[in-house]
Amino acid sequence: MPHIHKYPKDIVKRYGKNPIITRDDIPFPCNTVFNAGAIKYQNQYLLLLRVETLEGWSCLVLARSKDGYNFEVEKEPVIKPAQKEPFATYEKRGVEDPRITLFEDGRYYIFYTAYSKYAPRIALVETTDFKSFRRIGLVSEPGNKDAVLFPRKINNLFVRFDRPSTGGAGDMWISYSPDLIYWGKSKVVMEARPGFWDSDKIGAGAPPVETNDGWLEIYHGVKGTGGGKIYRLGYALFDLKDPSKLIGRSQIPLISPREMYERTGDVPNVIFTCGAVVEAGGEIKIYYGAADTCICVATCKLQDLVESCH
Ligand code: BMA
């Protein structure tokens, strides 16, 4: 008998005034805005927006908000495709999909996708003030993306989830590093699930959230259909001491394209996240790109996600 999900109703609630950021909010000409990293910094919500220029490559632009819903976008990008090597060659087609982690040492580390004709690579930049940004390195071989850094070391190593391309498959892997630059001990931790909503590819979304029951990861899952791909979000729980161990995983999506702004745009039927903010009371604000065209937010309770993974 098929598993009947414990939560037949939606456990996530879309913000009534979605989308919260569109191209009209960007102070320079651009094509679209989507897939933002998210973090709380000095009582402000920060989004690091992926803005696609009219030429077609992406850059990263900061937006600030006091309430998490109304954002003001900065005038200039904070990260553009690099002019200097070794980054320039691998960022010729843009910098994409930033994921921000507040690390235990107080620094903010941002993994983003460096995109070029050589396929995507994971790149890493750090900041302490969101004014100056220091590129640390290109930290994967070609063919890897969707990297999220854990907020603390485990067994004295930095830890990330990532998504190498392995013979057409797209599964979530874990990798470890002593210095954030050299990554190894790589191992597959969660696979795409044939027959499900996440049948074709999966990838980490927001950086992992530490809970008493394990690391909660909100991820995206892709299903191919006759009409194209559908991108949805789900969630999974991993062991606190050994995050390569999957404890449980959502049977049904957390959120699927349903509203017009999720169904229609440059790439239809896409909900894709790079960041979420967990509030003191346990509410999560999930920021997501809709149809690769605008930014939206939806909320849910951290505890609901954790419980339904068991
Ligand atoms: C993925 C990434 C995302 C994008 C999604 C849907 O592969 O490129 O940036 O939102 O596809 O187009």
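Atoms within a ligand are numbered from 1 in the order they appear, just like the ligands themselves.
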Task: Residues in salt bridge (charged side-chain N to carboxylate O under 4.0 Å, His left out) contact with Asp162, at least two apart in sequence or another chain - done: Arg160

Open item on the list: For ligand 1, give me the residues whose heavy-atom distance to it is below 4.0 Å, by chain and number please.
Closed with: Asn35, Arg50, Asp97, Lys145, Tyr231, Val267, Val270, Phe272, Asp292

Task: Any donor-acceptor pair under 3.5 Å from Arg99 side chain to Cys274 backbone - done: no

Task: Sidechain N-carboxylate O distance under 4.0 Å for Lys245, Asp239 - done: no

If you look only at distance, which donor and acceptor atoms sit under 3.5 Å apart when one is on a side chain in residues 194-209 and the other is two or more places apart or in another chain?
from, atom 1, to, atom 2, distance (Å)
Trp197, NE1, Gln251, O, 3.0
Asp198, OD1, Arg193, NE, 3.0
Asp198, OD1, Arg193, NH2, 3.4
Asp198, OD2, Arg193, NE, 3.4
Asp198, OD2, Arg193, NH2, 2.9
Asp198, OD2, Tyr219, OH, 2.7
Asp198, OD2, Arg249, NH2, 3.0
Ser199, OG, Phe196, O, 3.4
Asp200, OD2, Gly224, N, 2.9

Task: Members besides Val297 in its Ile/Leu/Val/Met/Phe/Trp/Tyr cluster (side-chain heavy atoms under 4.5 Å) - done: Tyr15, Ile20, Ile21, Ile26, Phe28, Val33, Tyr45, Leu47, Leu49, Val51, Val61, Tyr69, Phe71, Val73, Val277, Tyr287, Ile295

Open item on the list: Would you say CD of Glu141 has more than 12 non-hydrogen atoms from neighbouring residues, nucleotides or ligands within 6.0 angstrom?
Closed with: no

